[in-house]
Amino acid sequence: MFACEAKVKTMSPDKPKQSFHMAPEEFRRHGKEMVDWIADYYERVEAFPVLSQVKPGQLRATLPAQAPERGESFDAMMADVERLILPGITHWQSPNFFAYFPSNNSFPSILGELLSAGLGVQGMLWATSPACTELETHVLDWLVDMLALPAEFASSGPGGGVIQDTASSSSLCALLAARERATNFLTNEQGCDGKLVAYTSTQAHSSLEKAAKIAGIGSANLRAIEVDESFAMRPELLSAQIARDRTNGKTPFFVCATIGTTSSNAIDPVREIAAVSREHGLWLHVDAAMSGTAALCPEFRWTHNGTELADSYCFNPHKWMFTNFDCDCFYVRDRAALIRALSVLPEYLRNRATESGAVIDYRDWQIPLGRRFRALKLWFVIRHYGVEGLRHHVREHVELAQQFASWVRADTSFELAAPAPLNLVCFRHRAGDEANQRLMDRLNASGDLYLTHTRLGGRLTLRMSIGQSQTELRHVERAWQRIRSEAAAIV
Ligand SMILES: Cc1ncc(COP(=O)(O)O)c(C=O)c1O
């Protein structure tokens with residue numbers, strides 16, 4: 001016996017077996033109640049203030065200081081969900097949620113999530129649950145066709161797709177693979193030399209800066225390229241900056257273009273950016289976190305022009321494709337670069353299937369080792385809606401946003417602050433920043449709807465982001481009425 005081993009009494013076969021587990025019968029009963037509760041929640045969600053109105057610390061003040069010594073009933077827990085938790089919820093699934101970008105979902109997705117929890121699979125290796133890996137590969141191949149992505153992203157070639165938790169993780173993985181490719185896989189061994197330089201636009205998501213920090217590139221070595229009047233990256237400035245960096249002894253290695261920037265949904269000119277990237281041998285990653293879903297519809301595929309030249313690409317079904325958070329689809333043209341950058345193989349993970357070379361082990365395609373069975377919910381969503389159903393709802397959201405934009409255009413008190421190519425409308429009252437801030441605060445405090453803001457051209461701008469699964473014309477009409485009446489009360 002090792003000194004660190006616990007000394008425990010051996011179990012007696014005569015003692016009655018004690019268990020604190022929930023019995024299957026109880027689970028069956030509470031599970032059905034829970035599904036009912038969730039269905040009821042969606043039926044009453046419009047009755048809640050969209051933005052939670054609680055004060056900081058309010059929930060914690062109501063919770064017991066210590067964990068319960070004795071287990072409690074499930075009914076007691078659900079009573080507390082109603083009494084304590086619901087007031088602290090900001091209702092992302094309310095049809096009156098117009099903030100940030102959507103994080104929408106659907107009943108098939110919720111059921112897929114439940115099934116994933118029920119199976120309790122950890123799919124780090126093909127061998128730890130072959131279905132987890134193979135369904136993921138298969139569904140991601142479907143999406144290559146569904147979005148008309150480059151055929152090189154499909155698993156039948158040298159590339160392939162994987163589900164990441166978030167677009168932030170995809171950008172980080174892309175950056176790491178690019179870093180290793182650019183340094184002949186030596187940075188993993190020896191660390192960064194401070195010369196590598198990456199590029200994106202001033203409008204790129206903050207996750208790029210975070211990735212540059214985590215990957216050891218350094219945020220000072222992430223160049224933010226200026227944008228044009230539609231907030232899209234200017235490729236000629238990218239080219240000039242790369243040339244300057246080369247002259248100064250730096251090593252340009254990575255560019256991230258965005259299809260649908262977070263602030264204003266600007267579409268970077270991916271084809272021109274790709275031409276610059278290829279000319280200099282840089283890895284091009286395309287971040288289409290929200291707007292990638294638009295490519296389901298042929299008429300919106302212009303947003304993806306040039307993606308066929310990208311080294312990697314991601315979009316989030318957990319934003320606009322009716323799939324619960326978390327679910328980001330990440331594709332690479334050359335999976336070998338990604339796998340070589342991220343793979344570490346300790347003895348305890350060795351197995352015959354891996355050694356045969358015939359399987360994918362997704363642990364090598366991501367940062368963590370462990371992974372959930374996320375493909376189930378995506379599979380359920382795609383099978384439930386079909387491509388036709390997904391397109392229908394995406395088109396509806398775009399139509400609603402275009403309708404909203406037309407109302408803003410027609411009202412002389414307001415102005416559009418940026419082009420609205422899809423489902424985000426950036427607008428502001430002409431009375432200036434302070435009035436817009438007050439307008440947004442009053443609307444959000446009312447609980448009737450929830451809007452968030454950004455700054456465009458230095459001016460405070462409101463964002464009407466339409467993508468919640470249940471949002472209909474009546475919600476958007478009412479939002480516009482509320483915006484106009486609050487504005488009239490302020491100005
Ligand atoms: C363009 C873009 N990229 C990345 C992200 C980050 O998404 P995630 O939360 O999946 O990391 C967002 C979030 O809104 C985004 O709009």
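Order of appearance sets the numbers: ligands from 1, and atoms from 1 within every ligand.
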Inset, instruction - Kindly confirm or rule out an N or O of N316 lying under 3.5 angstrom from an N or O of ligand 1. - result: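 The answer is yes, given that N316 and ligand 1 share an N or O pair closer than 3.5 Å.
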Inset, instruction - Compute the shortest N/O to N/O distance between A167 and ligand 1 and return yes if it is under 3.5 Å, no if not. - result: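 Among all N and O atoms of A167, at least one is under 3.5 Å from an N or O of ligand 1.
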Inset, instruction - Classify the ring geometry between F414 and F427 as parallel (under 30°), tilted (30 to 60°) or perpendicular (over 60°). - result: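 Tilted.
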Inset, instruction - Give me the ring orientation class for H318 and F325: parallel if the planes are under 30° apart, tilted from 30 to 60°, perpendicular past 60°. - result: tilted
Inset, instruction - Mark the output for D328 as yes if a heavy-atom distance to ligand 1 is under 4.0 Å, and as no if none is. - result: no
Inset, instruction - Please verify whether a non-hydrogen atom of D287 lies at under 4.0 Å from ligand 1. - result: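 Checking ligand 1 against D287, which is what was asked, there is a heavy-atom contact under 4.0 Å.
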Inset, instruction - Decide whether S469 and N105 meet the rule of one side-chain donor and one side-chain acceptor closer than 3.5 Å. - result: no
Legend entry - More than 12 heavy atoms from other groups under 6.0 Å of CE on M146: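 More than 12 heavy atoms, drawn from other residues, nucleotides or ligands, come within 6.0 Å of this atom.
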Report the part of [X] in contact with ligand 1, treating N, CA, C, O as backbone and CB onward as side chain, heavy atoms under 4.0 Å; options are side chain, backbone, both, neither.
X	value
K319	side chain
T166	both
D326	neither

Inset, instruction - Could you please spell out the steps behind the side-chain hydrogen bond (donor to acceptor under 3.5 Å, both in side chains) verdict for E388 and H392? - result: CA-CA 6 Å; E388 173 194 50; H392 171 85; over 6 Å; no
Legend entry - Atom indices of ligand 1 within 4.0 angstrom of H318 heavy atoms, with elements: 10 (O)
Legend entry - R459 with E415: basic N within carboxylate O range, under 4.0 Å: yes
